[in-house]
Amino acid sequence: MKLVMAVVGSDDSGNVAAALTKGGFAVTKLATTGGFLKSGNTTFIVGTDDDKVDQVIDIIAKQSRRRTQLVPNTTTMDMGMYSAYPVEVTVGGSTIFVLDVERFEKV
Ligand code: 2BA
């Protein structure tokens, strides 16, 4: 058995949770905070059979794919003029750890 721990951006966490549950996986969601940006993210804990780990990773990857998004940006120029143009930023993506489970019990 393996434990999949996945840190997912908050924007994608709802879709990831829904897709994992639909796929028949037992999921625990933790509200977490990234140490660098100090913004909220979600950590999923999924205990599953070894042969289903790839399926879990595929679901998470599909629902939280790294993609680019245009966001408004304003720059102040000389003589009080403003220039507004969109900037492309990367959003989404997940960080996934797979750990061996030494013992699993439900008592
Ligand atoms: P990512 O590498 O995609 O990481 C997104 C979030 O995943 C991280 O949020 C953290 O919560 C978790 N994470 C990533 N790698 C991890 C690991 N090895 N162990 C445990 N948790 C891990 P943040 O810490 O807020 O980082 C947000 C983004 O800032 C990172 O995106 C990365 O692009 C950048 N970043 C993180 N640490 C950095 C550093 N020391 N210097 C420069 N950029 C950094």
Side-chain angles (χ1 to χ4, degrees):
M1 188 179 197
K2 302 280 188 198
L3 189 71
V4 180
M5 290 187 71
V7 185
V8 178
S10 295
D11 288 349
D12 296 321
S13 66
N15 289 342
V16 169
L20 286 171
T21 304
K22 195 177 167 196
F25 294 100
V27 180
T28 298
K29 257 177 86 178
L30 305 172
T32 46
T33 305
F36 189 68
L37 295 182
K38 299 185 175 28
S39 61
N41 51 32
T42 302
T43 299
F44 288 88
I45 301 178
V46 184
T48 192
D49 297 331
D50 292 29
D51 61 349
K52 291 192 179 152
V53 167
D54 286 341
Q55 204 182 326
V56 171
I57 292 173
D58 283 349
I59 290 172
I60 296 169
K62 194 171 165 199
Q63 299 298 332
S64 64
R65 215 174 280 294
R66 237 173 248 281
R67 66 256 181 204
T68 56
Q69 192 174 305
L70 288 174
V71 296
N73 180 46
T74 309
T75 305
T76 310
M77 298 162 70
D78 289 343
M79 295 180 293
M81 291 169 64
Y82 290 91
S83 164
Y85 57 91
V87 178
E88 204 171 66
V89 294
T90 302
V91 296
S94 295
T95 302
I96 301 173
F97 304 87
V98 180
L99 293 81
D100 286 324
V101 174
E102 199 170 309
R103 182 166 163 172
F104 174 68
E105 304 248 6
K106 282 190 178 181
V107 293

Hphob cluster co-occupancy, Val27 + Ile96, side-chain heavy atoms under 4.5 angstrom: yes

Student check: side-chain heavy atoms of Thr42 and Val16 closer than 4.5 Å: no

Joint hydrophobic cluster, Val7 plus Val56, side-chain heavy atoms closer than 4.5 Å: no

Verify same cluster id: Leu99, Ile45 (apolar side-chain graph, 4.5 Å): yes

Side-chain (Asp50) to main-chain (Met1) donor-acceptor, under 3.5 angstrom: yes

Which residues share a side-chain hydrogen bond (donor to acceptor under 3.5 Å, both in side chains) with Thr48, sequence neighbours left out: none

Shared hydrophobic cluster for Phe97 and Val4 (ILVMFWY, side-chain gaps under 4.5 Å): no

Connected via hydrophobic side-chain network under 4.5 Å: Phe104 and Leu3: yes

Polar side-chain atom of Ser64 near backbone of Asp12 as donor-acceptor pair, under 3.5 Å: no

Taking every non-hydrogen atom, the tightest pair across Val8 and Ser94: CG2-OG, 3.5 Å

Gap separating the CG atom of Asp11 from the CG atom of Asn15, nearest 0.5 angstrom: 10.0 Å

Gap separating the CE atom of Met5 from the OG1 atom of Thr28, nearest 0.5 angstrom: 10.5 Å

Atom NZ of Lys2: over 12 foreign heavy atoms under 6.0 Å: yes

Test side-chain hydrogen bond (donor to acceptor under 3.5 Å, both in side chains) applied to Asp54 - qualifying residues, sequence neighbours left out: none

Shortest non-hydrogen contact from Gly34 toward Asn41: N-ND2, 3.5 Å

Gap between atom OG1 of Thr32 and atom CZ of Phe44 - 0.5 Å precision: 9.5 Å

Nearest non-hydrogen partners of Arg66 and Thr90, listed with the distance: CG-CG2, 3.8 Å

Closest non-hydrogen atom pair between Arg67 and Gly92, with its separation: NH1-CA, 3.7 Å

